[in-house]
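What follows is a short report on a single structure.
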Amino acid sequence: MAAARAGARVSLQKYTYTPIDQLKEGKVFNVYGVVIFFKPPYRSKGTDYCLLVTIMDQSEAKLKCMLFSENQETLPIVYKVGEIVRFHRVKIQKFNDEIQGINSGGFSALVFDGIVGSPVSPRSTSKCYNFHPDDERFVEVLRQWASKHLKVSAPQIKISDVESVQFFDLLCQLVGKAEVDNSSYLIKVWDGTKISSPSWNVFVEEAALEGDQALIHQRQSLIIDVLVYDNHVESAKSLKIGSYLLIHNVHAKLHTSGKENEAKNPHMEFHLHGGTCFGRGITVLPESNSDVQGLQRLLVSVHESLDNIASQEIITTLHPQLALKAQQDWPITPLATVLKSKAPHKYRIRARLKSYEPQNLLQSVKLHCVKCNSLHDVPDEDTIKTVLQNNSDYDSVAGIQSTSWYQSAVWNTNNQQNRHIAIHFVKRHDILQNPEDTLIMLQGGTLQEIYKLSKHFDSIIPVKAIQGNLEIDISIPFLIQGNRWHYGCTRCSKIKSTEMLRSLSQEISWNATEIAKVLGIQPLSHVFTLHFTFVDETGKLNAFLWNYSEQFFHISASEILLDNKLQEKLFNIMDTLCPPRKIIDKSPWLDCCIKSYNTTNGGKRQICYEIFDTEVVEDDL
DNA sequence: TTAGGGTTGG
């Protein structure tokens, strides 16, 4: 018995089918045929979508059928040339001295794949259709006939074979898409094979690209860019990432530039040209499709091997020599034993880093007050901008006068109306210094201006004028020294007048601790605060990293926020200790010192763990 | 009503 679609109702009424060479104009017939050409559904200029299918049967006559429908989904589901169709109630008419079929009232269609001997399971767009045991025979006979008499298979090839064929149908999976311009659209696809010659990369802004960027990056060498044009833009836009596609009549074009220096680097371009000639278009295939299932199997195995290669690369190629160094003469204690023991105690553990928080590593940088032991977030740029804006007002800058210990200058910024900046150059030994040795007090400057000035001057103190006095706002950095931005504790500081800086004007250099002291500021120190989850064969243990974090990473927490190289170093270290993609078996074993301590949380006693005396080193073992 | 294949563009 033929396999019918789940939930479909099947009637057994017997129909008569007319050979194509016996069809007569003006009448309605039922026909069977092999698809020898088709155009996937496309939008007509009228109200409907249309599908053009040309079929042939054992009479060796052809019938071109124009099928229209308001709804694309109700048109016969044809994927490939060579498939078998059964049409009920096709109206035959004449056009250009040729008969053609049109769908008329009561039209219905079934489509079967064309593979000899495969199950005769119909694709139908309606839930209720007729299927008689005779149909199975009809389909199989037609398949047999087509396999002997027709050479109708479209050149469906893999990406690795494109060089030999210029136009082909491509079965693939969509991994990314992006708008290019009004008449073209980019789709990024793969079929698990690798193109033999270099292929082009269509430039689009990263933000415009839809799809998993990390995945696209990882599969880069296996992904091709296909540029689709005109009428195909609309259908490409609606495609879902991850869906399986049959792109009909892709043009692989070897691009060799006329310029001599470029001619040596030819690359392959992929176009789906506009229009519907040669059946150009994109068909979305369901996951139940047998071709798709074959493709899926290939993609899964390729993906797994890529993952293995990637994690191997991270561990062994990118950072081959990173490891953790702890007290080497201490015995290793299993995590289960650590967890069962009383605090306080010190241990050396050997475990893998399963995860860490925060994943956004820059968020791990906090400000710590040693006096009141409070932790604060580092103010973000927007907060600083707002404070600076409020500290800037024209009147306070207008009446500025130099004093014996600093010399003042006022600028009018051209880009914004009535905005003035005052810079007070603090003298040392009663004389002005070179910029690289100079402390300036900045009044009315923006964040951007602070960034710029901090490249030229040794130290900057942002100030605001209150009743003629220059004062410090402790909600923003009180001192900027290059990439080091110094903050003070709002709770513990007792701010004094900037006049106090005068006492430092005989010093040799501008020392942040000294400046904080005379200004009554309790300085905050930058620390990394991370939460690590370790695992070994015996258990799982959470530990903090903060007091010993700078020693651990060999990175200054106070400079990292403004230093790309330090940020990159931190990211690389954490990628090595805890490789992404969560394959714990690929993570390195880490030696680490931890100490336990008692703490209370909401009145409840608990034991916490902190990493200490451990550092990232180049492993020369 | 619409579109109605014909050896191929960016």
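Just so we're clear, the structure is a prediction, and the values are computed from it rather than from any experiment. Naming convention: chains lettered A, B, ... in sequence-line order (proteins, then strands); numbering from 1 in each chain.
A salt bridge does not link A:Glu234 to A:Lys237: none of the charged nitrogens lies less than 4.0 Å from a carboxylate oxygen. For the pair A:Asp169 and A:Lys80, the salt-bridge criterion is not met [side-chain N within less than 4.0 Å of a carboxylate O].
Between A:Leu227 atom CG and B:dG9 atom C1' the separation is 11 Å, expressed in whole Å. The OH-C1' distance, from A:Tyr229 to B:dT8, rounds to 13 Å in whole Å. Across the protein-nucleic acid pair, A:Ile102 atom CD1 and B:dA3 atom P stand 12 Å apart, rounded to whole Å. Between the CD1 atom of A:Ile36 and the P atom of B:dG6 there is a distance of 14 Å, rounded to whole Å. Spacing between atom NZ of A:Lys253 and atom C1' of B:dG9 amounts to 7 Å, rounded to whole angstrom units. A:Glu98 places its CD atom 12 Å from the C1' atom of B:dG6, with the value rounded to the nearest Å. Rounded to an integer number of Å, the gap from CG of A:Leu52 to P of B:dT2 is 16 Å. As a whole-Å value, the separation of A:His255 NE2 from B:dG9 C1' is 14 Å.
Nucleic acid contact for A:His273: base, since at least one base atom lies under 4.0 Å from a heavy atom of the residue. Contact annotation for A:Ser184: no contact, since no heavy-atom pair falls under 4.0 Å across all strands. Nucleic acid contact for A:Asn249: base, since at least one base atom lies under 4.0 Å from a heavy atom of the residue. If you check every strand for non-hydrogen atoms under 4.0 Å, A:Arg280 touches a base. A:Gln93 comes within 4.0 angstrom of a nucleotide base, judged by non-hydrogen atoms across all strands. Looking at heavy-atom distances under 4.0 Å, A:Gly279 makes no contact with the nucleic acid at all. Nucleic acid contact class of A:Tyr42 (heavy atoms, under 4.0 Å, all strands): sugar-phosphate only. Nucleic acid contact for A:Asp230: base, since at least one base atom lies under 4.0 Å from a heavy atom of the residue.
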Hey, mind stepping through A:Arg143 and A:Glu140 against salt bridge (Lys or Arg N to Asp or Glu O under 4.0 Å) and telling me if it holds?
-> CA-CA 5 Å; A:Arg143 282 171 172 174; A:Glu140 196 49 41; 3.0 Å; yes
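A:Ile224 contributes atom CD1, which lies 7.0 Å from atom OG of A:Ser199 (distance to the nearest 0.5 angstrom).
Stacking of the aromatic ring of A:Phe278 onto the base of B:dT8 is found: the ring centres lie under 5.5 Å apart and the planes are inclined by under 30°. Ring stacking is absent between A:Phe68 and B:dA3, as the pair misses the limits of under 5.5 Å between centres and under 30 degrees between planes.
Ring centroids of A:His248 and A:Tyr79 are separated by 6.0 Å or more, keeping the two rings apart.
Mapped onto DNA chain B by nearest heavy atom, A:Ser44 and A:Phe37 fall at different nucleotides, with A:Ser44 at the one closer to the 5' end.
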